[in-house]
Amino acid sequence: MLTPFTQKALHMIKNIPEGRVMTYGSIAAFAGKPNGARQISRLLHSMSKKHDLPWHRVVNSKGKISLRPSHGYELQKALLESEGIEFSKSDTINLTFFLWSSL
DNA sequence: CCACTGACTACTT
DNA sequence: CAAGTAGCCAGTG
């Protein structure tokens, strides 16, 4: 059985529209755990396959991809760019423009 | 139940 | 700005 926090987090991830991203911390905060960012990573690890989650729309608080190169980093970046999200010179996303507030 | 892990974050050097 | 550290909490065995 998953906790309410986890279920809510899953719901929010599914609700991120194309061309927008959310940070681990924001998802966790909206789900009720301001410090539960790490749980989001676990969700993506174990639930992304079964729940058809847009995992690529989740980035860290700095607006950067957290995956290591050759471990999904390039794939995620490609998926985001195909949705219209732009990366700066240092591979960071302008969160003030692309961050999705869920409401 | 205990120990370990993790696609994190904020703070300090 | 980069590297190190402590706090965080649910999933898994």
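This is a predicted model, so every value here is computed, not measured. The figures here come from the full heavy-atom set of this structure, side chains too, leaving out hydrogens, waters and symmetry mates. Lettering of chains follows the sequences in order, A, B, ..., and the numbering in each one begins at 1.
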(Q) For a 4.5 angstrom cut-off between non-hydrogen side-chain atoms, does Ser26(A) reach Trp100(A)? (A) no
Q: Whole angstrom is fine here: how far is it from CD1 in Ile27(A) over to C1' in dT9(B)?
A: 14 Å
Q | Between P of dG6(B) and CH2 of Trp55(A), the distance in whole Å | A | 18 Å
Q. If the sugar-phosphate is the primed atoms plus P, OP1 and OP2 and the base is the rest, what is the B/S/- string for nucleotides 8-13 of chain C, using protein heavy atoms under 4.0 Å?
A. BBBBS-
Q. Can Asn15(A) and His11(A) be said to form a side-chain contact (heavy atoms from CB on, under 4.5 Å), step by step?
A. CA-CA 6 Å; Asn15(A) 269 304; His11(A) 182 69; 3.0 Å; yes
Q: Please examine the side chains of Leu44(A) and Val58(A), heavy atoms only from C-beta on, and report whether any two atoms are closer than 4.5 Å.
A: yes
Q. side-chain contact (heavy atoms from CB on, under 4.5 Å) between Glu83(A) and Arg20(A): does it pass, once the steps are laid out?
A. CA-CA 8 Å; Glu83(A) 294 186 352; Arg20(A) 288 293 180 279; over 6 Å; no
**Q.** For atom CG of Asn60(A) and atom C1' of dA2(C), their distance in whole Å
**A.** 15 Å
Q) What's the OH-P distance between Tyr24(A) and dG6(B), to the nearest Å? A) 14 Å
Q) Is the shortest side-chain N/O distance from Ser61(A) to OP1 or OP2 of dA10(B) below 4.0 Å? A) yes
Q.
Before you tell me yes or no, could you show the steps for Leu2(A) and Leu43(A) under side-chain contact (heavy atoms from CB on, under 4.5 Å), namely the whole-Å CA-CA distance, both residues' side-chain angles and the distance that decides it to 0.1 Å?
A. CA-CA 10 Å; Leu2(A) 298 172; Leu43(A) 291 194; 5.8 Å; no
Q | Basic-acidic side-chain contact under 4.0 Å: Lys64(A), Asp91(A) | A | no
